[in-house]
Colleague: 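Below is the structure I would like to discuss, written out as structure tokens.
Chain letters run A, B, ... following the sequence lines, proteins first, then strands; residues in each count from 1. Hydrogens, waters and symmetry mates are skipped; everything else that's a heavy atom, side chains included, is used.
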Amino acid sequence: MVYYLYGIGWSEELAPILSDPGRLADLPPDLMLISAQDLSGVVKPVPEKDFGEDALVERVRDVDWLTVQATRHNAILSLITREATVIPLKFGLVFHNEENVRIRLETDYDRCVRQLRMLCNRQEWGVKVYADLERIKSVVLAQDTVTPVGSSPGRAYIMQRRAQLSVSEKARDLARNHARQVLESLERVTVRWRTNQVLSREATGRTDDMMLNAVFLVEAGTQESFCDLVRQLDGAIKGIALELSGPWPPYNFTADSE
Amino acid sequence: MNLDAAYDNVSLLDILDRIIDKGVVLYGDIVISLGDVDLIAIKLALVLASVDRLEVGEWNNSEDF
């Protein structure tokens with residue numbers, strides 16, 4: 001067996017959660033805490049054949065296996081963050097023995113404490129903004145006055161083509177502006193924010209285009225109003241849709257620069 | 001919307017993006033180091049597996065925004 005480390009938190013918060021099986025019933029029964037000073041790592045013994053030195057690098061190439069493991073990693077951290085402040089760690093952090101986990105906690109003690117203090121009572125939410133550019137184009141067209149058409153058919157074609165292009169550009173500009181406005185509105189009610197890679201249609205499986213992929217760190221007390229604001233912004237403008245996800249373990253807000 | 005309902009929207013890509021790309025860098029005894037290329041390949045494989053399409057997705061950069 002080797003030891004997979006999911007996250008780090010305060011021992012006094014984590015111990016009661018793990019010692020009471022009824023509290024978070026979906027947690028794996030073999031989840032354990034390894035402690036150093038007042039910190040604890042949330043650890044699960046895992047088979048060496050999957051998580052050992054060379055096995056892991058090979059294993060992650062198996063999409064089905066990775067899907068199961070990634071979902072589990074996130075589910076465990078999500079459950080725990082409902083009841084405790086936790087620093088969520090990256091996928092696939094494995095130690096040979098319990099002592100090495102303890103040494104790691106000691107070594108990174110100051111850094112962990114800083115992050116836990118920053119994350120206290122805060123949760124991560126994701127907001128994606130999608131634009132249906134065809135629909136926005138029709139709005140742009142309705143607003144535009146009719147473009148005068150030239151005399152010759154060739155000239156008429158060029159004019160028409162140019163008009164179409166400018167409508168597409170205008171629609172895209174409009175969509176970008178809306179996305180920016182969403183970001184500005186949400187930024188005002190949150191502690192921190194950042195934007196991530198925008199995903200293609202293949203990735204999202206949607207027919208509209210992702211314009212913004214943002215994450216926000218939200219104070220626990222203001223979560224309801226944050227979600228209300230997202231709902232308000234969703235559907236406020238024709239062709240613009242918002243997608244809310246969360247609360248997440250604060251993966252996006254634990255970098256050392258934070 | 002209660003919190004559980006909001007959670008239904010979570011896609012696998014969102015999870016992977018977070019747990020592979022983000023999260024604290026801590027050194028373990030065994031660390032998988034997935035370079036950018038590998039990560040994109042994994043994400044793409046997942047996308048293709050889930051929607052059963054053959055086109056290769058274009059991974060835009062948020063700098064466009």
Colleague: With a 4.5 angstrom heavy-atom cut-off, which part of Ile103(A) approaches chain B: side chain, backbone, both or neither?
Modeller: neither
Colleague: Looking at Val94(A), is its backbone amide N or carbonyl O close enough to the side chain of Asp29(B) to form a donor-acceptor pair, meaning the two atoms are under 3.5 Å apart?
Modeller: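 No: the side chain of Asp29(B) does not pair with the backbone of Val94(A).
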Colleague: What is the distance from atom CG of Asn252(A) to atom CG of Asp17(B), rounded to the nearest 0.5 Å?
Modeller: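 The CG atom of Asp17(B) is 7.5 Å from CG of Asn252(A), to the nearest 0.5 Å.
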Colleague: Counting distance only, does the side-chain N/O of Lys90(A) pair as donor-acceptor with the main-chain N or O of Ile19(B) below 3.5 Å?
Modeller: no
Colleague: With sequence neighbours excluded, what pairs up with Glu187(A) under the salt bridge (Lys or Arg N to Asp or Glu O under 4.0 Å) test?
Modeller: none
Colleague: For residues Asp14(B) and Trp248(A), determine if any side-chain heavy atom of one lies less than 4.5 Å from a side-chain heavy atom of the other.
Modeller: yes
Colleague: Which bit of Tyr3(A) comes within less than 4.5 Å of chain B, counting heavy atoms only: side chain, backbone, both or neither?
Modeller: neither
Colleague: With a 4.5 angstrom heavy-atom cut-off, which part of His73(A) approaches chain B: side chain, backbone, both or neither?
Modeller: side chain
Colleague: Using non-hydrogen atoms and a 4.5 Å limit, figure out which bit of Asn97(A) sits close to chain B: side chain, backbone, both or neither.
Modeller: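 When you check distances to chain B, only backbone atoms of Asn97(A) fall under 4.5 Å.
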Colleague: For Ala70(A) and Ile15(B), which heavy atoms make the closest approach, and how far apart are they?
Modeller: O-CG2, 3.6 Å
Colleague: Is it the backbone or the side chain of Val215(A) that comes under 4.5 Å from a heavy atom of chain B, or both, or neither?
Modeller: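 Just its side chain gets close to chain B.
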Colleague: Which bit of Leu77(A) comes within less than 4.5 Å of chain B, counting heavy atoms only: side chain, backbone, both or neither?
Modeller: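 For Leu77(A), no heavy atom lies under 4.5 Å from chain B.
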